[in-house]
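Encoded as structure tokens, the structure appears first; notes follow it.
The analysis underlying the following values was restricted to heavy atoms, covering all of them including side chains, and did not include hydrogens, waters or symmetry mates. The residues of the chain are indexed from 1 along the displayed sequence.
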Amino acid sequence: MTEQPHAPATPIAVEGPRGSQDAGPVLDERNRRLAHAGVARAENLLVRHYRLSSRREAFDLLRDASQQFNIKLHTLADVAAQLPAPGPDAPGWMPSRPRSAEPPVPVLRAVGAGFDSPGAVLTAALRRTLGITGARMGDVQLVENGMLRMAKHVGMNRRFSEYFAFVEASTTACAQAALDGRQVTVKDVASSDTFDDGSRQAILQTGSRACHSVPLLRPNGTVIGMISSHHGHPLRDLAPAQLTVLQELGNQVGRWLWWYRNTAVVAALNHLHTRAVRHS
């Protein structure tokens, strides 16, 4: 598959919340701020480029395209903020071209799921990862606005999901795997120097003692997301056969997510462009 240079990779930030002081209201405020950051970037871009009257008008256009194409608003906003803005006379945000074939994801056949949306693909990928590693807990994160944003989780409690709703720092296994673009195993969370104290406690309180993170890779090898399994006991090294299947899972799911961004999301952006031109 030949990669199209639509949405350039955004580097993962290496700065973020540390320690237990992020619990409660401070953590809630951080999550609200980060959740809105990507949408705000897209709103500002639309206001400037189309000379809209307000960010509210820009938000309404984003929401309309999101609803019509059944795409999460924050996903649409993230791609819009990364792509070059279209020219004033352009017929769409991106040049029109034939829809490319959906890439196969044979590694997920074992879970027997349909792949009609990113949510379905990520759910199947998480189930498959847990089946391969023998874990009962896990999560999926996607790269967005220069961070890892929680997209799915199973078996994890609210404290975990809120603490890791956004991962900016490199002091977690998932962030380290994203930075390095490779699988990372933490055999014992309690003694590993991979985590800072806040991240360590947020993981241990779920009952997780070890974890394994698998990067989801775009065709050019950069990271578009991450799947992590969490284990209730310290781990030994995973078997070579397990690592091979997980690597293929990361490659196939990453290619599918990239295809989706270059088809469904671009179609929504073209619709957004048409509506915005009328409002300008």
Side-chain angles (χ1 to χ4, degrees), residues 12-35 122-123 125-216 223-238 242-243 246 249-250 253:
I12 303 297
V14 292
E15 215 173 289
R18 295 176 178 270
S20 59
Q21 70 271 19
D22 292 300
V26 174
L27 182 58
D28 291 341
E29 190 281 329
R30 182 206 70 157
N31 287 344
R32 285 193 297 270
R33 172 175 54 82
L34 294 179
L122 294 179
T123 296
L126 181 54
R127 290 173 57 196
R128 181 75 170 114
T129 298
L130 298 185
I132 294 167
T133 61
R136 295 185 178 181
M137 300 179 287
D139 63 85
V140 184
Q141 300 155 298
L142 296 178
V143 175
E144 184 178 300
N145 198 25
M147 299 170 287
L148 290 171
R149 178 172 182 154
M150 184 76 70
K152 297 279 181 181
H153 62 88
V154 63
M156 317 306 287
N157 60 25
R158 182 174 178 180
R159 178 179 171 188
F160 177 94
S161 64
E162 290 185 350
Y163 191 93
F164 295 107
F166 296 91
V167 174
E168 299 176 278
S170 59
T171 52
T172 64
C174 57
Q176 194 61 54
L179 285 169
D180 297 342
R182 62 179 177 82
Q183 297 185 60
V184 170
T185 301
V186 175
K187 298 179 182 179
D188 191 341
V189 172
S191 60
S192 173
D193 59 5
T194 300
F195 304 98
D196 62 17
D197 288 342
S199 299
R200 188 191 323 279
Q201 292 305 317
I203 294 172
L204 290 174
Q205 60 85 34
T206 69
S208 171
R209 286 293 306 275
C211 57
H212 182 81
S213 296
V214 181
L216 307 178
V223 175
I224 196 171
M226 188 67 52
I227 297 183
S228 299
S229 60
H230 288 266
H231 305 254
H233 53 80
L235 281 178
R236 298 177 180 270
D237 289 322
L238 296 184
Q242 291 174 296
L243 295 174
L246 290 170
L249 183 149
V253 173

Any donor-acceptor pair under 3.5 Å from [X] side chain to [Y] backbone:
X      : Y      : result
Glu162 : Leu27  : no
Gln141 : Met226 : no
Asn145 : Leu34  : no

As an exercise, state the distance from [atom1] of [X] to [atom2] of [Y], rounded to the nearest 0.5 Å.
X      : Y      : atom1 : atom2 : value
Lys187 : Cys211 : NZ    : SG    : 13.0 Å
Leu216 : Ile224 : CG    : CD1   : 8.0 Å
Leu243 : Ile132 : CG    : CD1   : 10.0 Å
Asn31  : Ser161 : CG    : OG    : 9.0 Å
Asp237 : Gln242 : CG    : CD    : 10.5 Å

- Message: So, applying side chain to side chain donor-acceptor pair (under 3.5 Å) with Ser208, which one of His233, Arg136, His230 is it?
- Response: His230
- Does the side chain to side chain contact (heavy atoms under 4.5 Å, CB included) test come out yes or no for Ile227 and Leu249, once each step is laid out? CA-CA 10 Å; Ile227 297 183; Leu249 183 149; 3.9 Å; yes
- Message: For a side chain to side chain contact (heavy atoms under 4.5 Å, CB included) check, start with the C-alpha distance between Arg159 and Gln201, then their side-chain angles and the critical distance, and finish with the verdict.
- Response: CA-CA 10 Å; Arg159 178 179 171 188; Gln201 292 305 317; 4.0 Å; yes
- Message: Does Leu235 form a side chain to side chain contact (heavy atoms under 4.5 Å, CB included) with Thr133? I'd like the steps, not just the answer.
- Response: CA-CA 10 Å; Leu235 281 178; Thr133 61; over 6 Å; no
For [X] against [Y], the heavy-atom pair lying closest together:
X      : Y      : value
Ser199 : Tyr163 : N-OH, 3.4 Å
Leu130 : Met137 : CD2-O, 3.2 Å
Pro215 : Val223 : CB-CG2, 4.1 Å
Ala125 : Val253 : CB-CG2, 3.9 Å

With a cut-off of 3.5 Å and sequence neighbours excluded, list every side-chain donor-acceptor pair involving residues 148-156.
| unit_1 | atom_1 | unit_2 | atom_2 | d |
| --- | --- | --- | --- | --- |
| Arg149 | NH1 | Glu144 | OE2 | 2.9 |
| Lys152 | NZ | Thr123 | OG1 | 3.4 |

- Task: Evaluate the side chain to side chain donor-acceptor pair (under 3.5 Å) criterion for residues Ser229 and His231: first the C-alpha distance (whole Å), next the side-chain angles of each, then the deciding distance (0.1 Å), finally the verdict.
- Result: CA-CA 7 Å; Ser229 60; His231 305 254; 3.0 Å; yes
- Do Val186 and Ile203 have side chains that get closer than 4.5 Å, going by heavy atoms? no
- Item | Counterpart residues, ring-ring contact (aromatic ring centres under 6.0 Å, His included), relative to Phe164 (two or more places apart) | Phe160
- Task: Please list, chain by chain and in numerical order, all residues satisfying ring-ring contact (aromatic ring centres under 6.0 Å, His included) with His212, sequence neighbours excluded.
- Result: none
- Message: Apply side chain to side chain donor-acceptor pair (under 3.5 Å) to residues Ser192 and Thr194 and explain how you reach the verdict.
- Response: CA-CA 5 Å; Ser192 173; Thr194 300; 2.9 Å; yes
- For Arg128 and Leu246, what are the C-alpha separation, side-chain angles and deciding distance, and is it a side chain to side chain contact (heavy atoms under 4.5 Å, CB included)? CA-CA 9 Å; Arg128 181 75 170 114; Leu246 290 170; over 6 Å; no
